[in-house]
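Since the structure comes first, as structure tokens, the remarks are kept for the end.
To find a chain, count down the sequence lines: A is the first, B the second, and so on, and within it residues start at 1.
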2 protein chains.
Amino acid sequence: MSISNKISDSSVRRISIYLRILERMEKNGDETVSSEELSDHSGTTAAQVRKDLSSFGSFGKRGLGYGVSELALCIRKIIGVDRSWRVALVGVGRIGSALVDWGGFLDRGYDIVAILDVDPSKIGQKWSGLTVCDMDDFEDVVREQGVELIILAVPVEAVSDVVDRIADVGIRGILNFAPTTLRVPEGITVKDVNMVMELEALSFTLNQQKLKE
Amino acid sequence: MSISNKISDSSVRRISIYLRILERMEKNGDETVSSEELSDHSGTTAAQVRKDLSSFGSFGKRGLGYGVSELALCIRKIIGVDRSWRVALVGVGRIGSALVDWGGFLDRGYDIVAILDVDPSKIGQKWSGLTVCDMDDFEDVVREQGVELIILAVPVEAVSDVVDRIADVGIRGILNFAPTTLRVPEGITVKDVNMVMELEALSFTLNQQKLKE
DNA sequence: ACTAATATGTGAAGCTTTTCACAAGTAAAA
DNA sequence: TTTTACTTGTGAAAAGCTTCACATATTAGT
Ligand SMILES: NC(=O)c1ccc[n+]([C@@H]2O[C@H](COP(=O)([O-])OP(=O)(O)OC[C@H]3O[C@@H](n4cnc5c(N)ncnc54)[C@H](O)[C@@H]3O)[C@@H](O)[C@H]2O)c1
Ligand SMILES: NC(=O)c1ccc[n+]([C@@H]2O[C@H](COP(=O)([O-])OP(=O)(O)OC[C@H]3O[C@@H](n4cnc5c(N)ncnc54)[C@H](O)[C@@H]3O)[C@@H](O)[C@H]2O)c1
């Protein structure tokens, strides 16, 4: 599959953005798309789009562009969402419960198959057709449901407790919502959703603009 | 303030992470910290930490390290959170309402002073002491409350409607939760919280690992 | 069959970011 | 006062990423 051996993180992120655009075009019935069109909708350059895509193979037709659904399929294969991933949500609080209710994950190949918490008042309750499991049964639930990824939406203080238990149970990926850097054993990949960081990057930019004047 | 003239985005993001670590150390009563300690807790290198910090000035003492609360203060000034920002939340749905209830923004200098929606069944209701305003009154609310930043948590289809109205009312920054690239007029900065992108980056990594075997 | 128009794929150049290595500064102990 | 142990700040080198420019391929029209 992969031709080039090292793909940069920024390139992967852009490819994910291209997939969002292609999804919309697929719905819209568009058949082909040029690198320029993709760059327009994603805020990058046409050359960048072509370089990104060419590092995985040759998907386009010169003079024509890329086939929308064909390219979408290739990107799904590259990212690994040509199949469905089994996900467990740990921490059914404010953020966690918002995530379970959202259809956007399932649409894109991430199937939340289990939700867990430590709060006795939450355990046993139903959310979008799923029953909140007791964190005590974490290992059993993971095995029974074949969980591959964890969405971690617990308070900062509880993060390391959960991470300790993730290590032994064969899970290789975590999407973390707590604004802290996780220490994980080798072989486990973490990605962060860090809203405070984004806000701070935002106010930094605005602050610099003001200082320049 | 700024000595070096161009600060990279990655550097700003790392500095935000250093601030999280310093916040915890401040609470913990620690007085000094070395670049190595900061790198340990943030998953980067000591040289990187020093380069990042030195692009803004000289905050440390050779042989000793950095003063925790002193450095935190400097970073807050750099980022622009040595004062409070007035924020409005647009879209009080699943994600939106989770955000309003969270104290983490206010703690870090982002004060949600208004919440708005179009849904008549939501308008007038209270969330964490704030009343949901009618989106029809958007411009008035922004002016009355002195809103500087928008947190945008509306469905993808509604995004461009809201963005069109943001342009004319003096707002310069948007934190966007919709998984789409915003087209904004010059002078408005957008940062995205893109959970699907993070998940896709995660499964890409896992997929590559599997292919290597 | 030929021309015009269009758009990809890619080596090379240019630019940015990270890592390296060490001089220079600080404090405490001898 | 001198030595020792430690840690910053920073040029310079290395690595990585983006932009450029053009040969190459495809289609449509004449
Ligand atoms: N709410 C937000 O808007 C928001 C925004 C940014 C980041 N975050 C971060 O996301 C995380 C969750 O935030 P929240 O607002 O949903 O918190 P919350 O307190 O509403 O929910 C946390 C949930 O985790 C559960 N929990 C605690 N310890 C647990 C454990 N060891 N195992 C399993 N479950 C456990 C709690 O019972 C609770 O249901 C926090 O780290 C928070 O800092 C939240
Ligand atoms: N819920 C999640 O877990 C999740 C995860 C990732 C991304 N997102 C994205 O975040 C956004 C919000 O998601 P959600 O799940 O909270 O949706 P939601 O449907 O629960 O809430 C959206 C809210 O926006 C309001 N709204 C619609 N049009 C509006 C307009 N023009 N002006 C003001 N308000 C308007 C609706 O009335 C509703 O209250 C969406 O773009 C979604 O794709 C959500």
For A/R86 and A/V113, indicate whether the former's side chain and the latter's backbone hold a donor-acceptor pair under 3.5 Å.
no
Kindly say whether A/V12 contributes a backbone atom to a donor-acceptor pair with the side chain of A/S16 at under 3.5 angstrom?
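Judged by distance alone, no pair lies under 3.5 Å.
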Please list residues of residues 23-40 of chain B whose heavy atoms come under 4.0 Å from any atom in DNA chain C, ordered by number; otherwise none.
none
Enumerate donor-acceptor pairs with a distance under 3.5 Å from any side-chain N or O in residues 89-96 of chain A to protein atoms, sequence neighbours excluded.
unit_1: A/R94; atom_1: NH1; unit_2: B/D101; atom_2: O; d: 3.1

Between atom [atom1] in [X] and atom [atom2] in [N], what is the gap in whole Å?
{"X": "B/Y18", "N": "D/dT8", "atom1": "OH", "atom2": "P", "result": "12 Å"}
{"X": "A/F59", "N": "C/dG9", "atom1": "CZ", "atom2": "P", "result": "9 Å"}
{"X": "B/L53", "N": "C/dT18", "atom1": "CG", "atom2": "P", "result": "13 Å"}
{"X": "B/K6", "N": "D/dC17", "atom1": "NZ", "atom2": "P", "result": "19 Å"}
{"X": "A/E70", "N": "C/dT8", "atom1": "CD", "atom2": "P", "result": "13 Å"}

According to the salt bridge (charged side-chain N to carboxylate O under 4.0 Å, His left out) rule, which pairs have a member within [range], sequence neighbours left out?
{"range": "residues 189-206 of chain B", "answer": "A/R13-B/E198, A/R20-B/E200, B/D9-B/K191"}
{"range": "residues 29-51 of chain B", "answer": "none"}
{"range": "residues 140-154 of chain A", "answer": "A/R83-A/E148"}
{"range": "residues 157-166 of chain A", "answer": "A/E139-A/R165"}

Mind checking what makes ring pair (Phe, Tyr, Trp, His ring centres under 6.0 Å) contact with B/F138, not counting sequence neighbours?
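B/F138 satisfies ring pair (Phe, Tyr, Trp, His ring centres under 6.0 Å) with no other residue.
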Excluding sequence neighbours, so at least two apart, what forms ring pair (Phe, Tyr, Trp, His ring centres under 6.0 Å) with B/F177?
none
Partners passing side-chain contact (heavy atoms from CB on, under 4.5 Å) against B/S84 (at least two apart in sequence or in another chain)
B/D111
Could you list the donor-acceptor pairs under 3.5 angstrom formed between side-chain atoms of residues 67-76 of chain A and any protein atom two or more places apart in sequence or on another chain?
unit_1: A/R76; atom_1: NH2; unit_2: A/E26; atom_2: OE1; d: 3.3

N or O in side chain of B/Y66 less than 4.0 angstrom from C/dT26 OP1/OP2:
no
Counting primed atoms plus P, OP1 and OP2 as sugar-phosphate and everything else as base, spell out the protein contacts along nucleotides 18-28 of chain D at 4.0 Å heavy-atom distance: B, S or - for each nucleotide, 5' to 3'.
SBBB--BBB--
5'-to-3' dot-bracket of DNA chain C (Watson-Crick, G-U; under 3.5 angstrom; crossing pairs as [ ]; | other strand):
||||||||||||||||||||||||||||||
